[in-house]
Amino acid sequence: MTRRHPHVVNSDELEQQTFEQGRHQIQFRQLGAPAGSTQLGGSVIEIAPGKISYPFHYHCANEEALFILAGSGTARIGDQRIAVRAGDWIAFPIGPDTAHQMINDSTEPLRYLAISTAHKCEVVGYPDSNKIGASGGTSFTNRWIRQINKSGDTMGYWDGEPDAQ
């Protein structure tokens, strides 16, 4: 397909991807990187009725926001559950107070535009499973490191260093 411009894409020109694991079911088309974005990420995401998005999580580096395009559902933000519908803008600043997850508890698909900063080094907390994920690299697909551990598993700064004995 011939592109109109390297920085212009239409969502119907992009491959739809799917993540499925139990009740988690996300269909999405990434917009940012295919259009040449390096500091902003963007995706159109759809969640089927009765399904949920990614695990409940918060970011330590990347801020996210959602704009609901169609449907309705529930935004789980921190300890609250907020009804959302088409036309709503939802901000997820960094930190544990804005841990978040989208829930489609309606009978129609929930479709939204997800926008985020695209810092390649990130730490993500998962309160429901008590995990911490850390990653860094030149891109989200070319990571130097990606580690997910249970929160609390830790070592001392000098542990295992050969010249620290």
Side-chain angles (χ1 to χ4, degrees), residues 15-33 37-68 71 73-84 88-106 109-165:
E15 178 185 348
Q16 179 172 286
Q17 300 176 57
T18 301
F19 288 145
E20 290 187 63
Q21 184 69 42
R23 280 191 58 217
H24 300 275
Q25 185 183 62
I26 306 115
Q27 294 181 330
F28 64 98
R29 294 176 195 263
Q30 291 185 319
L31 303 169
S37 291
T38 60
Q39 297 298 310
L40 288 175
S43 296
V44 175
I45 298 175
E46 186 169 301
I47 303 173
K51 302 297 181 180
I52 56 178
S53 67
Y54 301 95
F56 188 57
H57 68 283
Y58 64 88
H59 298 269
C60 294
N62 285 306
E63 184 168 342
E64 288 184 280
L66 308 181
F67 183 72
I68 308 299
T74 299
R76 184 177 172 202
I77 306 171
D79 294 335
Q80 299 182 7
R81 292 177 184 247
I82 299 93
V84 297
D88 284 344
W89 175 266
I90 309 162
F92 300 129
I94 62 171
D97 291 342
T98 54
H100 52 278
Q101 180 179 56
M102 296 302 292
I103 303 164
N104 186 348
D105 47 15
S106 77
L110 174 60
R111 192 167 185 250
Y112 54 90
L113 173 65
I115 299 170
S116 68
T117 52
H119 303 297
K120 305 308 183 279
C121 293
E122 173 68 292
V123 175
V124 179
Y126 299 89
D128 287 348
S129 57
N130 198 32
K131 295 183 301 198
I132 297 172
S135 65
T138 57
S139 72
F140 295 116
T141 56
N142 183 25
R143 295 181 173 138
W144 301 318
I145 185 171
R146 181 169 191 232
Q147 188 74 33
I148 299 176
N149 294 348
K150 282 290 192 184
S151 182
D153 289 350
T154 189
M155 296 178 71
Y157 181 76
W158 298 107
D159 289 355
E161 293 299 327
D163 294 327
Q165 306 306 322

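Residue numbers start at 1 and run along the sequence shown.
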Measuring from I90:CD1 to F67:CZ, what's the distance to the nearest 0.5 Å?
-> 10.0 Å
Taking C-beta and beyond as the side chain, do T74 and I82 meet within less than 4.5 Å on heavy atoms?
-> no
Where do G125 and P127 come nearest, in terms of heavy atoms and distance?
-> O-CD, 3.5 Å
Might you work through the side-chain contact (heavy atoms from CB on, under 4.5 Å) test for L31 and L113, ending with a clear yes or no?
-> CA-CA 10 Å; L31 303 169; L113 173 65; 3.8 Å; yes
Any side-chain heavy-atom pair of W89 and I115 under 4.5 Å = yes
One should read off an interatomic distance between T98 OG1 and Q80 CD, to the nearest 0.5 angstrom, of 12.0 Å
Taking only Lys NZ, Arg NE, NH1 and NH2, and the carboxylate oxygens of Asp or Glu, determine whether R81 and D105 approach each other closer than 4.0 Å.
-> no
State the OG-CD1 distance between S116 and I94, to the nearest 0.5 angstrom.
-> 13.0 Å
CG (N130) and CG (D128) are apart, to the nearest 0.5 Å, by 10.0 Å
Greater than 12 external heavy atoms within 6.0 Å of D79's CG = no
Below 3.5 Å, can you tabulate the donor-acceptor pairs from side chains in residues 47-61 to any protein atom, sequence neighbours excluded?
from : atom 1 : to   : atom 2 : distance (Å)
S53  : OG     : M102 : N      : 2.9
S53  : OG     : M102 : O      : 3.3
H57  : ND1    : P55  : O      : 2.7
H57  : NE2    : H59  : NE2    : 3.2
H57  : NE2    : H100 : NE2    : 3.2
H59  : ND1    : E122 : OE2    : 2.8
H59  : NE2    : E64  : OE1    : 2.9

For T117 against L40, the heavy-atom pair lying closest together | CA-CD2, 4.4 Å
Output the distance between atom CZ (R23) and atom CD1 (I103), rounded to the nearest 0.5 Å.
-> 7.0 Å
Mind checking whether R111 and I45 have side chains closer than 4.5 Å, heavy atoms only?
-> no
For A114 and L66 the tightest heavy-atom approach is CB-CD2, 3.5 Å
Heavy atoms of S151 and I132 approach each other most closely as OG-CD1, 3.7 Å
On a heavy-atom basis, the closest approach of W144 and T138 is CZ2-CG2, 3.5 Å
Is any side-chain heavy atom of Q101 less than 4.5 Å from a side-chain heavy atom of H24?
-> yes
Take atom CZ of R143 as the centre, draw a 6.0 Å sphere, and report whether it contains more than 12 heavy atoms from other residues, nucleotides or ligands.
-> yes
State, with a plain yes or no, whether a side-chain heavy atom of Q17 is found less than 4.5 Å away from one of Q27.
-> no
What is the minimum heavy-atom distance between S106 and N104, and which atoms define it?
-> OG-OD1, 2.7 Å
